[in-house]
Amino acid sequence: MITKIVLENFKSFRNRTTIDVNATNYQILNDTNVYNNVLKGLLFVGSNASGKTNAITSILFLLELLFSNKEINIQDYFCFFPCSMEMFLEFTFKIDNDDIVYGFIYDIDGNVSKEYLELNGEIKFNRIKDGAESKITDRKYYGNLDVDKKTLFIRNIYFNTKFKGYPSLEKLFDYLINSVHINSVMQKTVVFNSKNNNLNILNYLEGNGLKKVNDFFDFFGFNQEVCFETEHQISKGIYAVHKEKEIFLKRNNIDIWIPFRYESLGNQTLLNMLPAILHATENDCILIIDEFSSALHNELEELMIRYFMKNSKGSQIFIVSHSTNLLKTTLLRPDQIYSVNFEDENGSYLKRFSSEGPRESQNLERMYLNGRFDGLPRYKNTINQVE
């Protein structure tokens with residue numbers, strides 16, 4: 001699990017910024033929202049264009065660098081108003097009882113200038129530009145013929161050795177490669193392990209996911225079921241036939257099946273998101289969801305988060321949302337919520353709700369809307385002056 005992320009010159013984060021995912025001294029929701037003293041996820045709130053998506057993009061950037069086959073333009077991730085010509089990211093993980101620190105620096109030309117891996121405080125490999133020294137491979141030294149200047153060295157070690165002999169590193173990369181990114185607005189799901197391509201809703205239902213989705217609906221009393229058929233009932237006893245299987249939703253006690261494409265945006269969002277939610281409760285991974293609240297009812301948002309927190313084990317969820325109803329201590333702890341703010345050329349900065357020391361009984365939503373945690377839009381209220 002991720003315990004800490006450090007950013008500098010990344011996207012809108014100009015200055016060195018730390019995202020802490022360790023549990024603090026709060027006792028609320030310890031049984032559901034904390035695992036091995038690490039938080040099962042974070043929520044980022046703030047005004048538009050403050051940098052909320054950039055905060056979770058740091059994790060996505062790491063996953064793409066490690067596992068993607070597409071060419072990545074490093075300049076797209078550099079801060080537009082940098083404090084130097086280098087971009088720094090460092091990730092700290094806790095796997096069982098081991099602490100793993102992995103960091104790297106890219107220069108403005110997209111070349112790796114530094115990269116390192118620590119296991120319980122011991123350096124396991126250290127790279128400076130196109131030279132590397134390793135303690136986790138049979139070979140100890142690597143030169144410019146072996147180290148690609150734009151590719152992370154740890155990626156080569158992973159694909160060549162799978163970290164055999166280092167179980168915590170093996171487990172870390174299983175955790176990372178099983179991760180999923182969801183853009184709710186674009187209804188797009190990205191996986192990093194080809195074995196997880198079934199998390200697309202069509203593939204998921206084609207496999208064994210239909211029963212899981214309907215069991216979920218039935219358990220929570222959704223009063224509807226999903227059908228995945230080549231025909232659907234348009235009225236009592238009358239069916240339409242299709243060339244390929246399609247998704248339909250059938251309300252209880254109503255014979256008509258509604259094609260998925262005609263369903264509400266909220267139902268479409270729910271069905272596109274649900275395979276990844278269920279996957280993350282069955283497999284340790286990271287679930288990154290941008291615009292989590294897109295078209296979902298407040299109570300449905302809360303249900304999804306509660307379900308994840310209760311049923312996941314070593315998985316984590318990182319969410320961006322504008323829904324202030326999520327700011328309650330019956331759902332998330334104060335140390336699980338960050339406000340994101342943007343301050344001119346200084347870029348984005350974070351404020352952790354727990355830094356203000358709110359009591360467990362206090363109304364976090366009201367405190368946030370009153371400006372206690374920052375992260376509010378700074379518009380002038382001049383609407384009454386408009387004629």
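Positions are given from 1 along the sequence.
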Could you check if a side-chain atom of [X] sits within less than 4.5 angstrom of a side-chain atom of [Y], using non-hydrogen atoms only?
X	Y	value
Leu300	Phe222	yes
Ser293	Asn325	no
Phe292	Met273	yes
Ser58	Leu89	yes
Phe44	Thr53	no
Leu176	Ile286	yes
Met85	Asp107	no
Leu327	Ile337	yes

Under 3.5 Å: donor-acceptor pair, side chain of [X], backbone of [Y]:
X	Y	answer
Asp130	Asn144	no
Ser47	Ser50	no
Gln224	Phe217	no
Tyr368	Gly375	yes
Gln27	Asn25	yes
Asn73	Gln75	yes
Gln316	Leu39	yes

Given [options], the one that forms side chain to side chain contact (heavy atoms under 4.5 Å, CB included) with [X]:
X	options	value
Cys79	Asn54, Asn15, Asn9, Leu7	Asn9
Tyr116	Ile154, Ile105, Ile128, Val101	Val101
Phe163	Glu170, Lys171, Lys124	Glu170

Below 6.0 angstrom between ring centroids: does that apply to Tyr106 and Tyr77?
->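 No - the distance between ring centres of Tyr106 and Tyr77 does not fall below the 6.0 Å cut-off.
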Write down the atom of [X], the atom of [Y], and the distance for their closest heavy-atom approach.
X	Y	answer
Val21	Ile2	CB-O, 3.4 Å
Lys129	Val147	O-CG1, 4.0 Å
Asn346	Arg14	O-CB, 3.6 Å
Leu42	Tyr338	CD1-CE1, 3.9 Å
Tyr26	Ser354	CE1-CB, 3.7 Å
Glu360	Thr329	O-OG1, 2.8 Å

Hydrophobic cluster membership, Ile289 vs Tyr307, 4.5 Å side-chain cutoff |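 Same cluster.
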Common cluster, Met87/Val6, ILVMFWY with side-chain heavy-atom separation under 4.5 Å =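 Different clusters.
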With a 4.0 Å cut-off, would you call [X] and [Y] a salt bridge?
X	Y	answer
Glu302	Lys328	yes
Glu291	Lys188	no
Glu229	Lys250	no

Going by atom types only, do Asn223 and Asn252 share a side-chain donor-acceptor pair under 3.5 Å?
->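 Short answer, yes.
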Side-chain donor-acceptor contact under 3.5 Å, Asp284 with Asn178 |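 No - no donor-acceptor pair under 3.5 Å links their side chains.
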Looking at Tyr158, is Lys162 sitting on its ring face, NZ or CZ under 6.0 Å from the six-membered ring centre and within 45 degrees of the normal?
->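 Yes, Lys162 sits over the ring of Tyr158.
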Begin from the C-alpha positions of Phe260 and Glu246 and carry the test side-chain contact (heavy atoms from CB on, under 4.5 Å) through to its verdict.
-> CA-CA 8 Å; Phe260 182 59; Glu246 294 189 22; over 6 Å; no
Testing Thr24, Asn22, Asn33 for side-chain hydrogen bond (donor to acceptor under 3.5 Å, both in side chains) with Asp335, which one passes?
->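 Of Thr24, Asn22, Asn33, side-chain hydrogen bond (donor to acceptor under 3.5 Å, both in side chains) with Asp335 is met by Thr24 alone.
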So with a 6.0 Å cut-off around CG of Asp31, is the heavy-atom count from everything else above 12?
->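 No, CG of Asp31 has 12 or fewer neighbouring heavy atoms, counting only those of other groups under 6.0 Å.
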List the steps, then state whether ring pair (Phe, Tyr, Trp, His ring centres under 6.0 Å) holds for Phe104 with Phe153.
-> CA-CA 10 Å; Phe104 54 85; Phe153 184 59; over 10 Å; no
